[in-house]
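Please read the structure below before turning to the comments.
Each chain gets a letter, A, B and so on, in the order the sequences are listed, and its residues count up from 1.
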Protein chains: 2
Amino acid sequence: MLDRVADKWSLLVIALLERRHLRFSELRRQIDGVSQRMLTVTLRQLERDGLVKRTVHPVVPPRVDYELTPLGATLHDTIRSLVIWTEEHQTEIAVARTEYDRRMADQVEAS
Amino acid sequence: MLDRVADKWSLLVIALLERRHLRFSELRRQIDGVSQRMLTVTLRQLERDGLVKRTVHPVVPPRVDYELTPLGATLHDTIRSLVIWTEEHQTEIAVARTEYDRRMADQVEAS
DNA sequence: CGGAATCCGCACTGATACTG
DNA sequence: CAGTATCAGTGCGGATTCCG
């Protein structure tokens, strides 16, 4: 279960859909680095889990809208706090990484 | 960045370390299904990111304790809300899944 | 446009052996 | 005990192609 919720792409999709419903191609453009395959797979899983609603408009060219279900909306609050956390602490983490890498390099040098 | 934080094993490690500091083997026992290799890798990443502190006790047999850093502790709150969410809604999700699977099966049958 | 299907490489796993 | 190292097997994810 955690696997699904803690999935990178799922988090991003839910974060984006909370603002407004989006089309497939809009999602793909806004989520940097997602392949078409993974976006499709992710959306299917979220739909299956009842977190996202998929609406197909029978027009030419085809148009598919995605939006959060009420259940999906309840998840959004905790998602957002996670996203906010990463934004707030990413510089701290960057510092920690460089320090760690330095310590490791020094250790090798000393040996 | 989200990759690291949204990682399955990282979440579980942080959730466990919040209660109390743990030894390597204790973590491994309590996290079901984690391989020794992935636990090692996960702990190294968390240490590098400054979320977990690693303490080696120079005794025989060796003993290594892991605990959350202050930075890691700030992450725990949002982690916990995520874990709580999954626990609270997992039956809802299970229902959604079976319904979805039924709809898909019916669709195939009708074709 | 929004997929489904296929192929393929790589990361993860599991097992085993070895070390401080 | 807490790792590191290595190898074989598997499954996920990327790139590409084709379809309604």
Problem - Rounded distance in Å - CD (A/E26) to P (C/dG3) - result: 13 Å

Exercise for the section: First locate atom CG of A/D65, then atom CG of A/L22, and finally report the distance between them rounded to the nearest 0.5 Å. Expected result: 8.0 Å

Exercise for the section: Give a yes or no on whether a donor-acceptor pair under 3.5 Å exists between the nucleobase atoms of C/dG14, that is its base, and the side chain of B/Q36. Expected result: no

Problem - Rounded interatomic separation in angstrom, taking CZ from A/R63 and P from C/dC1 - result: 12 Å

Problem - Short side-chain N/O contact to C/dG3 OP1/OP2 from A/R44, under 4.0 Å - result: yes

Practice task
Assign A/R28 to base, sugar-phosphate, or nothing according to its heavy-atom contacts below 4.0 angstrom with the strands shown.
Solution key: nothing

Completion exercise
Rounded to whole Å, CD of B/Q45 lies from P of C/dC12 at a distance of 8 Å

Problem - Value in whole Å for how far the C1' atom of D/dG20 lies from CZ of A/F24 - result: 15 Å

Problem - Among D/dG3, C/dG3, C/dG2, the one nearest A/Y66 by side-chain distance - result: C/dG3

Handout entry: From B/E92 atom CD to A/L71 atom CG, the distance as rounded to the nearest 0.5 Å
Key = 5.0 Å

Practice task
With heavy atoms under 4.0 Å as the rule, sort B/R37 into base, sugar-phosphate or nothing.
Solution key: base

Problem - Closest listed nucleotide, where the reference is the side chain of B/P62 and the choices are C/dC1, D/dG14, D/dA2 - result: D/dA2

Exercise for the section: May I ask you to evaluate whether A/R23 reaches the phosphate of C/dG2, defined as a side-chain N or O under 4.0 Å from OP1 or OP2? Expected result: yes

Exercise for the section: Hey, could you give me the NE2/CD distance between A/H21 and A/E26, rounded to the nearest 0.5 Å? Expected result: 8.5 Å

Problem - Gap between atoms CG and P, on B/L39 and D/dC1 respectively (whole Å) - result: 15 Å

Exercise for the section: Let me know the distance between CE of A/M38 and P of D/dC12, rounded to the nearest Å. Expected result: 9 Å

Problem - Below 4.0 Å: OP1/OP2 of D/dA2 and any side-chain N or O of B/T40 - result: no

Exercise for the section: Could you tell me the separation between the CZ atom of B/R29 and the C1' atom of D/dC1, rounded to a whole number of Å? Expected result: 11 Å

Practice task
Please examine the side chains of B/L43 and B/E47, heavy atoms only from C-beta on, and report whether any two atoms are closer than 4.5 Å.
Solution key: no

Exercise for the section: Please check the phosphate of D/dG13 (OP1 and OP2 only) for any side-chain N or O of A/S35 closer than 4.0 Å. Expected result: no

Completion exercise
Rounded to whole Å, the CG-P distance (B/L43 to D/dC1) equals 17 Å

Handout entry: Closest heavy-atom pair and its distance - A/V5, A/L11
Key = O-CD2, 3.4 Å

